[in-house]
Amino acid sequence: MSNNIFEQAFSAEDFRKQGHALIDMLADYLSDTNSNKQEQGLAIPWQAPEKQLDYWQQDFARRPLHDPLALFKETMARSVKVHHRRYLGHQTLPTLPLSVLSTAVTTMLNQGMGVYEMGMVGNTLEKVLTEHLAGVLGFGAEASGFITSGGSLGNLTALLAARAVATGIWSKGYKDQPQPAVLISEEMHYCIDRSVRMMGFGSEGIIKVPVNERFQLRTELLEEYYQQALADGKQVIAVVGCAGTTSTGSYDDLEAIAAFCQQHQLWFHIDGAHGAPAAFSPQYKHLVKGIEKADSVVVDFHKMMLTPSLSTAVIFKRGSDAYRTFSQRAQYLWSEQDSEEWYNGGKRSFECTKAMTSLNVYTIFRTYGDEIFKENIERLYGLAKIFADLICNNKNLELAYEPEANIVCFRHKTEKDSSRFNAAIRQQLLEEGHFYIVQTILNGELYLRVSLMNPLTSEKELKDLLEEVEKKAADLMKKDI
Ligand SMILES: Cc1ncc(COP(=O)(O)O)c(C=O)c1O
């Protein structure tokens, strides 16, 4: 080993050796977890936070580390297995092995992205990708976008553009400004509520419109809520629709919201983080009918488009709107401060330094084409329907709604307190680790929630899950809970 810490840290030979060993280890992980064999192991090696902390505090005290492979192995052993066929939890996908390779390239290159010179390839790929995606969603040639880190940041960015178009708050602040407000559905992801508060609108600025029994925004109420806002002296700057809600994967009636926004000259933003990629499938694209009428749309590549976290497209119907969001000067980055340059990423994105995640998305498109996204949607949405049928055909179970996407909520029937009973089932599943599912609250009651994210999960794993739920329920029936 060299005495010079930097010679060792940048050693190409160490990297080659460790890299080959790591690829072997990851390939073993892949074949072990993503198989239908019994020896697949646990979907989640659950450990309470204090125990986990204790392990890592002790590990940290054992510095310095000479071989990172043991550390990586331990990290893998202690983590939830998103490639496991019984991983049925949150909307996190099993990454393609191809993406592990593209991520290695982006990490080695470490491009900057805020300014063209520091991200020549990455900024260009963002343009190519977001324009292609805009075309799939049905937008015209004027549309364009960029990539940012996550749906939460993407939604904030789009709403800031809506605010910039409707008000002068960006430069004047809130002086002489009527209370700004946004109309959203009760089922919106919390990041929308958070974005509106971060923009300084406060609670008064969030107008929640109720949803129907399928958890879709009740568009027939929009006019009433809008008129009430005006009567209260508010300035509504936007309506947010959802293409795939978080809890239930429900799609709002985008056509109806678009018509309402057009009638009142309001910005129409769609949170399509989860469900907008339905546009890739001829079978499911009806779910996003009207999406091309939105002023802005957010799509997470890292939810239904097989890309590792985080990578989100923010698409604007009129590409020039994107430059209004952060109209600002940064002398050290851009020589032309006020012009619209797609290739200087920092002009439109909140981020200055940003990972070149566009390469991950681009590599998948170039290798497998649009076909893989179509297949992914059709397989997972189709599997959700099969799962819903299994639930409906079981007299002990109750389906919360007919799923439109790949998110299914259900519960076990009981004479006991239903929420506590089903929470206890889910807690037992978590602690045993053979299946990973989550829970959500619908109409004030707790439901078990399954997101089908792995295209290799089959009906068998879903039948096994229901059997396990029934076993847990039978045990709990005998207990006092
Ligand atoms: C509908 C929807 N919007 C936005 C988000 C937030 O996206 P991110 O986790 O990429 O910030 C989520 C996350 O689950 C979501 O389901």
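Both ligands and their constituent atoms are indexed starting at 1 by order of listing.
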Report summary line: If we number the atoms of ligand 1 from 1 as shown, the ones under 4.0 Å from a heavy atom of Gly244 are 1 (C)
Query raised in the report: Among His189, His274, Arg194, which residue places a heavy atom closest to atom 12 (C) of ligand 1?
Result: His189
Report task. Check the side chains of Ser99 and Asn360 for a donor-acceptor pair under 3.5 angstrom, ignoring hydrogens and angles. Result -> no
Requested in this report: List the closest protein heavy-atom neighbour of atom 8 (P) of ligand 1: residue, atom name, distance to the nearest 0.1 Å.
Outcome: Gly151 N, 3.4 Å
Report summary line: among protein heavy atoms, the one nearest atom 16 (O) of ligand 1 is Thr246 OG1, 2.8 Å
Query raised in the report: Does His90 come within less than 4.0 Å of ligand 1, judged by its heavy atoms?
Result: no
Query raised in the report: Nearest protein heavy-atom contact for atom 4 (C) of ligand 1: which residue, which atom, what distance?
Result: Asp271 OD2, 3.5 Å
Query raised in the report: If you draw a 6.0 Å radius around CZ in Arg420, do more than 12 non-hydrogen atoms from other residues or ligands fall strictly inside?
Result: no
Requested in this report: Compute the minimum heavy-atom distance from Asp300 to ligand 1 and say whether it is under 4.0 Å.
Outcome: yes
Query raised in the report: Taking only heavy atoms of Gly150, which atoms of ligand 1 are found under 4.0 Å from at least one of them?
Result: 10 (O), 11 (O)
Query - Non-hydrogen atom of Met188 closer than 4.0 Å to ligand 1 - result: no
Report task. Verify the ring-centre separation between Phe373 and Phe365: is it less than 6.0 angstrom? Result -> yes
Report task. Examine His83 together with Tyr87 and report whether their ring centres are nearer than 6.0 Å. Result -> no
Requested in this report: Check ligand 1 against Ala273 and write out every atom of the ligand that is under 4.0 Å from a heavy-atom position of the residue.
Outcome: 2 (C), 3 (N), 4 (C)
Query raised in the report: Between CD1 of Ile372 and CD1 of Ile377, what distance do you get to the nearest 0.5 Å?
Result: 12.0 Å
Query - Closest heavy-atom pair and its distance - Ser247, Ile407 - result: O-CG2, 3.2 Å
Report summary line: For His302, the ligand 1 atoms with a heavy-atom partner under 4.0 Å come out as 10 (O)
Report summary line: What one should report as the nearest heavy-atom pair of Met305 and Ile364 is O-CD1, 4.1 Å
Requested in this report: For atom 11 (O) of ligand 1, find the nearest protein heavy atom and state the residue, atom name and distance (0.1 Å precision).
Outcome: Ser152 OG, 2.7 Å
Query raised in the report: Any chance the side chains of Ser296 and His269 put a donor and an acceptor closer than 3.5 Å?
Result: yes
Query raised in the report: Quick one: does Thr246's side chain get under 4.5 Å of Arg449's, heavy atoms only?
Result: yes
Query raised in the report: Which residue supplies the protein heavy atom nearest to atom 14 (O) of ligand 1, what is that atom called, and how far is it?
Result: Lys303 CE, 3.2 Å
